[in-house]
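Beneath this line is the structure, given in structure tokens, with notes to follow.
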Amino acid sequence: MNELELAQFAAPAAQTLLTTMLTDGWQLVKGRLVRIVSGRGGDPQSTGQSLEDLRQRVLADDSPEALDQRRSEVFALLCAVISRDPGTVTPLRELLGDLESNVASVDAERISQSATVRDNGVNFQQVNGTQNYRSS
């Protein structure tokens, strides 16, 4: 993989992983990413701690400038991992594909919602799915 191909792969991958760090799904992704990043000879515990530290910095400051900096860090990490072992591209693609398919499977048509009416007040609770709000 040449530098251009590496950059074309790592840039959107970094964005996807950064976005995932901001969600509850991060814990599911983190284990797979730790295995990929630590590789055969790395220390999974140290790698996991480094990724968790990065996530905490993302959560602590989500300003556009800070997110750009964190995205650059994830990009650099991915480039280093792939440069060290080009075979990591395949499991990274699989991980990213799974993330994209999970996002694509969220269907705004599938929303379970409950409502309770008491004393002329309505209490809505979203149970599952996503809600799209549109202004008319």
> Donor-acceptor pair, Arg84 side chain versus Val37 backbone, under 3.5 Å?
Replying inline: yes
>> What I want to find out is whether Glu73 reaches Arg57 closely enough, with some N-O distance under 4.0 Å, to be called a salt bridge.
In response: yes
> Do you know the tightest heavy-atom contact between Cys79 and Ala10?
Replying inline: SG-CB, 3.9 Å
> Are Gln15 and Thr19 linked by a side-chain donor-acceptor pair shorter than 3.5 Å?
Replying inline: yes
> Looking only at side chains, do Gln56 and Glu52 share a donor and an acceptor under 3.5 Å apart?
Replying inline: yes
>> Does Arg32 form a side-chain contact (heavy atoms from CB on, under 4.5 Å) with Glu94? I'd like the steps, not just the answer.
In response: CA-CA 10 Å; Arg32 285 177 68 184; Glu94 290 170 0; 4.2 Å; yes
> Do Asp61 and Arg70 meet the salt-bridge criterion of a basic N to acidic O distance under 4.0 Å?
Replying inline: no
> Atom CG in Leu17, atom CG in Leu78: separation rounded to 0.5 Å?
Replying inline: 6.0 Å
>> Atom CG of residue position Asp24 - does it have more than 12 heavy atoms of other residues, nucleotides or ligands inside 6.0 Å?
In response: no
>> I need the minimum non-hydrogen distance between Gly48 and Val34, along with the two atoms involved.
In response: CA-CG2, 3.5 Å
> Hey, what do you get for CZ (Arg55) to OG (Ser50), rounding to the nearest 0.5 Å?
Replying inline: 15.0 Å
>> For a quick test of reading the model, state the closest non-hydrogen atom pair linking Ala14 to Phe75 and the distance between them.
In response: CB-N, 3.6 Å
> When you measure from the side chain of Thr88 to the backbone N and O of Asp85, does any donor-acceptor pair fall under 3.5 Å?
Replying inline: yes
>> Under the side chain to side chain contact (heavy atoms under 4.5 Å, CB included) test against Val74, which residue among Leu51, Leu33, Thr16, Leu54 passes?
In response: Leu54
>> With clusters defined by side-chain heavy atoms of hydrophobic residues (ILVMFWY) lying less than 4.5 Å apart, directly or transitively, does Leu28 cluster with Leu96?
In response: no
> Once you round to the nearest 0.5 Å, how far does CG of Asn2 lie from CG of Leu6?
Replying inline: 8.5 Å
>> Could you measure the distance from the OG1 atom of Thr20 to the CG atom of Leu99? Nearest 0.5 Å is fine.
In response: 4.5 Å
> When rounded to the nearest 0.5 angstrom, what is the spacing between CZ in Arg35 and CG in Leu95?
Replying inline: 9.5 Å
>> Other residues, nucleotides and ligands only: do more than 12 of their heavy atoms fall within 6.0 Å of CD on Gln27?
In response: yes
